[in-house]
Engineer: 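Okay, handing you the structure first.
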There are 4 protein chains.
Amino acid sequence: MPPVVSDKYKQEKKAAILKSAFECFAEKGFQVATIDDIVAHSKISKGAIYNYFNSKDDIYIELMNQHTNENITSLKRELEKLADTREKLDYFFHLYSHLDQHPQFSNSTRVHIEFWLYSTRKNELRDIMLARYELYKNLFKRILVEGIEKGEISTHVNPDELSFIFWGVIDGISLHFAMLLDQYPYQKVYKEIQELIYTKLGFN
Amino acid sequence: MPPVVSDKYKQEKKAAILKSAFECFAEKGFQVATIDDIVAHSKISKGAIYNYFNSKDDIYIELMNQHTNENITSLKRELEKLADTREKLDYFFHLYSHLDQHPQFSNSTRVHIEFWLYSTRKNELRDIMLARYELYKNLFKRILVEGIEKGEISTHVNPDELSFIFWGVIDGISLHFAMLLDQYPYQKVYKEIQELIYTKLGFN
Amino acid sequence: MPPVVSDKYKQEKKAAILKSAFECFAEKGFQVATIDDIVAHSKISKGAIYNYFNSKDDIYIELMNQHTNENITSLKRELEKLADTREKLDYFFHLYSHLDQHPQFSNSTRVHIEFWLYSTRKNELRDIMLARYELYKNLFKRILVEGIEKGEISTHVNPDELSFIFWGVIDGISLHFAMLLDQYPYQKVYKEIQELIYTKLGFN
Amino acid sequence: MPPVVSDKYKQEKKAAILKSAFECFAEKGFQVATIDDIVAHSKISKGAIYNYFNSKDDIYIELMNQHTNENITSLKRELEKLADTREKLDYFFHLYSHLDQHPQFSNSTRVHIEFWLYSTRKNELRDIMLARYELYKNLFKRILVEGIEKGEISTHVNPDELSFIFWGVIDGISLHFAMLLDQYPYQKVYKEIQELIYTKLGFN
DNA sequence: GATGAATGAGTATTCATTCAT
DNA sequence: TATGAATGAATACTCATTCAT
């Protein structure tokens, strides 16, 4: 109950809006959830929401940026701790193969892919999404490149293509899990995929 | 206009609506395209459209059913012609690895996944989509089962899991291609994927 | 009530919307009156209104076009009946100097000038308003040009400038009348103005 | 910020707000310009603005009062310096016929008339605007009355009516100039108008 | 006095669906 | 069967004003 309010206050308010927004998007989908849903859910007035964000699209973008930043930062930090390529890839597979345990994973996936598709028709959004794609792709690609340089993985591997495959597989599996839920053998599928890729890399 | 119209007339009309609807959905996305867009594109009146379909959702469902039926029928027909498992899988990979040539492939993918996600929140739709998923999964799974029975592929393969993987990979790659378009090395990715899977199956 | 409705029906509906819209604009001003006001006043649904017009701006434009067309047509018809320049100008002055009798004249003036000002900030609208200005200016200018050619008015007159003056005076007086109403000696002012201009033209 | 701020401080602050407000109104129009526009332009907080003014309407009123006061004071001062009626009228015409040179003239006119029209529907505002109208009318009328008394202008002149005409013409021409800008022969029109009126007054 | 976050009624516009003809 | 006008709830976003600090 401002004004002349601390940065902390503002950050918390923004965070509260984002949290509510995520929950609304998760429940109904990005396009179906309305600003009024967020108002009702967050108990923050419409005007206040628009004080912190320019548009509904903007809310999603910030939500995703925040998640991406945290995620990438955390991934990099963990990967740095690990010495060899095998360990790094183990880390990746371990991480993603247990996402099904996270209660919001399927909703999160749905919203993410829905927005991805939605962004396809709006150039400004599309550029943002592509830049983010690049970030993830390079993260993985770098591991492979270094693995090859260090002689830890087969030189037959094309880091670029394998990165595309890796993230494609991740999104495909996430999408199917988001649809099938309990009926999808999520962890078994990951085990198999890991084996396929490890064989290619020349592990074991 | 005919006094009592023939079945043929009705089928053609329905087909014309579906064709237009597909083109509208492809251009704008399922949720963004409107019934009025379909009216304008098809030059068929709104009332007539609602004579043949109960709702916008229904139009999509019929569109998908028709496509699925044609597609599955055609797949089965082609697969029957082929004797061994390797050939059958070659056929699959050849087919999907060239979809990027089809001008409407990326739009079609977008609409398909968009609707899939959308269906997630409506039980009635979700059941329909799941049944369709099952159809495709079994088609692939049966090939693997038969391949194992005939000793043409490694007994280490779990047909169920590998089917999940196969379709997951297909959708993941299609989704990424729909986003990245020219920047996505579609065919190279398929070649690699095929190799990964063939190794697993024990081919070569 | 529809569909497959006669042209007459549609014209009447459109006319009913325009009539209501005019009354709402007159009562509250163009910018303050809302589409909901028009809905309430006309008892025509919002959707129906947007079936006939693209936007609130569009409603005003059509209102003005209709009025302008009727007005210009009627002016031309009357002017054609009159032989000499003096009579034509008499007709003009008589017409405009009695507008204060029309119950909606002041409201009409207010809305018209408000929209004129409003149009200033939107290029598309501005062009439309300027074209309309030209129409009126030329109508008057032609009379003067012909009057000079026929030797009925002084050759010292510059038809272009005098037309600007004529319409400027009309709008200035209308605007002041719209403000002052009963306190404005509308007809006396017109008499005086007429005299000023007639002297210039060399009448009497 | 001062503990007890001086009157001078307050006046300067108020003046700064009015200056910004005028520029915002001029740029976007009174109804379209927002308080936030004024905040952004003046770099004075919203709360501070509402400390000095009760409402957006109030800001305009004060703006106009200030301008009117300055303007009338200046007019009176200059007119006092001049001996005869002809010179006084010359002064008027010279002043107004060169307003087109002032860069903000057309914007100023637009805002002024827009607010005038807007005030029409709010009695409180309307009274203020009418009082101001009276001020200007009397200023001009007094010159004519004195001119008649001093025998410097024709006794056929009705000072009241001619004042209405004078200000009506000024506003009409200003309005048309604000619309047409370069396309309007502003100074030529004034020359002509002056001639018309001078003839009536019996000059030359 | 100054600040600026909060408020929430208000705005133009859209669109799936209905149904009288 | 075909038509397309009508419906009205729903939508994202705005903005003058308030008031706790």
Side-chain angles (χ1 to χ4, degrees), chain A residues 1-6 9-10 13-14 31-39 43-59, chain B residues 1-5 9-10 13 31-39 43-59, chain C residues 1-6 9-10 13-14 31-39 43-59, chain D residues 1-5 9-10 13 31-39 43-59:
Chain A
M1 294 104 179
V4 188
V5 116
S6 64
Y9 172 89
K10 287 203 267 185
K13 191 98 184 191
K14 200 164 179 175
Q31 292 182 83
V32 172
T34 70
I35 296 290
D36 279 315
D37 287 333
I38 301 174
V39 168
K43 314 225 182 267
I44 292 170
S45 78
K46 211 180 293 195
I49 292 173
Y50 277 94
N51 257 155
Y52 290 91
F53 301 95
N54 297 318
S55 65
K56 195 178 152 189
D57 285 1
D58 189 37
I59 294 177
Chain B
M1 294 108 174
V4 177
V5 298
Y9 172 88
K10 286 204 242 176
K13 192 108 185 186
Q31 290 182 82
V32 172
T34 68
I35 296 291
D36 278 313
D37 288 331
I38 301 174
V39 169
K43 312 215 184 277
I44 292 169
S45 78
K46 215 180 288 197
I49 292 173
Y50 276 91
N51 265 359
Y52 290 93
F53 301 95
N54 298 317
S55 66
K56 198 178 152 189
D57 287 0
D58 189 35
I59 295 176
Chain C
M1 291 108 182
V4 188
V5 114
S6 65
Y9 173 89
K10 287 204 267 186
K13 191 98 186 194
K14 200 165 181 175
Q31 290 181 85
V32 172
T34 68
I35 296 290
D36 278 317
D37 288 331
I38 302 173
V39 168
K43 314 227 183 265
I44 291 169
S45 78
K46 212 177 292 195
I49 292 173
Y50 278 93
N51 256 157
Y52 290 91
F53 301 94
N54 298 317
S55 66
K56 195 179 153 189
D57 285 1
D58 188 37
I59 294 176
Chain D
M1 294 108 175
V4 177
V5 299
Y9 173 88
K10 287 204 242 173
K13 192 106 185 186
Q31 292 182 79
V32 172
T34 68
I35 297 290
D36 278 314
D37 287 331
I38 301 174
V39 169
K43 311 212 183 280
I44 293 170
S45 77
K46 215 180 289 197
I49 292 173
Y50 275 91
N51 265 0
Y52 291 93
F53 301 94
N54 298 317
S55 66
K56 195 179 155 188
D57 286 359
D58 190 35
I59 295 176

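Here is how names work: the chains are called A, B, and so on, in the same order as the sequence lines, proteins then strands, and each is numbered from 1. Both backbone and side-chain heavy atoms feed into the values below; hydrogens, waters and symmetry mates do not. In this text, all values refer to a predicted model and were calculated from it rather than measured experimentally.
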Engineer: For C:Y52 and B:I49, find the nucleotide of DNA chain F closest to each by heavy atoms; which residue's nucleotide sits nearer the 5' end?
Structural biologist: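 Looking at DNA chain F, the more 5' nearest nucleotide goes with B:I49.
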
Engineer: Ignoring backbone atoms, establish whether D:S45 has a side-chain N or O less than 4.0 Å from OP1 or OP2 of E:dT3.
Structural biologist: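 Result: yes.
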
Engineer: Across the strands shown, which category fits A:K14 at heavy-atom distances under 4.0 angstrom: base, sugar-phosphate, nothing?
Structural biologist: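 Answer is nothing: A:K14 stays at 4.0 Å or more from every strand.
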
Engineer: Taking OP1 and OP2 of F:dG4, is either one under 4.0 Å from a side-chain nitrogen or oxygen of C:Y9?
Structural biologist: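 False: C:Y9 side-chain N/O out of range (4.0 Å or more) of F:dG4 OP1/OP2.
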
Engineer: Nearest-nucleotide wise, let me know which of D:A48 and A:K13 is further upstream toward the 5' end of DNA chain E.
Structural biologist: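 The residue mapped nearer the 5' terminus is D:A48.
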
Engineer: Counting just side-chain N and O atoms, does D:N51 come under 4.0 Å of either OP1 or OP2 of E:dG1?
Structural biologist: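 So the side-chain polar atoms of D:N51 never come under 4.0 Å of the phosphate oxygens OP1 or OP2 of E:dG1.
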
Engineer: Under the 6.0 Å and 45° cation-pi test, does A:K14 pair with A:F53?
Structural biologist: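 So A:K14 does make the cation-pi contact.
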
Engineer: How close do B:I38 and B:I59 get, heavy atom to heavy atom, and via which atoms?
Structural biologist: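 The answer is CD1-CD1, 4.4 Å.
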
Engineer: Starting at CG of A:N51, measure out to NZ of A:K10 and round the result to the nearest 0.5 Å.
Structural biologist: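 It is 9.5 Å, given to the nearest 0.5 Å.
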
Engineer: Whole angstrom is fine here: how far is it from NZ in A:K10 over to P in F:dT21?
Structural biologist: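 Computing the A:K10:NZ to F:dT21:P distance gives 17 Å.
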
Engineer: Using a 4.0 Å heavy-atom cut-off, does B:F53 contact any base of the nucleic acid, only the sugar-phosphate backbone, or nothing at all?
Structural biologist: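 Counting heavy atoms under 4.0 Å across all strands, no contact is made by B:F53.
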
Engineer: Given atom CG of B:D58 and atom P of E:dA16, what is their separation to the nearest angstrom?
Structural biologist: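 Atom-to-atom, B:D58 to E:dA16, this comes out as 14 Å.
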
Engineer: Which atom names give the shortest non-hydrogen contact between A:D58 and A:N54, and what distance separates them?
Structural biologist: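 Scanning both residues completely, I find the closest heavy atoms to be OD2-N, 3.0 Å.
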
Engineer: Nearest 0.5 angstrom please: B:I35 CD1 to B:S55 OG, how far?
Structural biologist: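 One gets 8.0 Å once the value is rounded to the nearest 0.5 Å.
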
Engineer: Would you name the heavy atoms of C:K46 and C:D36 that are closest together and state the gap between them?
Structural biologist: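 What the structure gives for the nearest pair is NZ-OD1, 2.9 Å.
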
Engineer: Whole Å only: how far is the CD1 atom of B:I44 from the P atom of F:dG4?
Structural biologist: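 B:I44 atom CD1 is separated from F:dG4 atom P by 12 Å.
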
Engineer: How does each nucleotide of nucleotides 9-14 of chain F score, in 5' to 3' order, for protein heavy atoms under 4.0 Å: base (B), sugar-phosphate only (S), or none (-)?
Structural biologist: -BSSBB

Engineer: Which heavy atom of D:D37 sits nearest a heavy atom of D:V32, and at what distance?
Structural biologist: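 Nearest heavy atoms, D:D37 then D:V32: OD2-O, 4.2 Å.
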
Engineer: Could you state the atom-to-atom distance from NZ of D:K43 to P of E:dA2 in whole Å?
Structural biologist: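 After rounding, the reported distance stands at 18 Å.
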
Engineer: Looking at D:K13 and D:Y52, would you say the former's side chain and the latter's main chain have a donor-acceptor pair under 3.5 Å?
Structural biologist: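 Such a contact is absent between D:K13 side chain and D:Y52 backbone.
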
Engineer: Which atom pair, heavy atoms only, marks the closest approach of B:Q31 to A:Q31?
Structural biologist: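 That would be NE2-NE2, 3.1 Å.
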
Engineer: Write out the stems for DNA chain F, ordered by first number and formatted as range with range, counting runs of at least 3 consecutive Watson-Crick or G-U wobble pairs under 3.5 Å.
Structural biologist: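 For DNA chain F the paired stretches long enough to count as stems (3 pairs minimum) are E:2-21 with F:2-21.
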
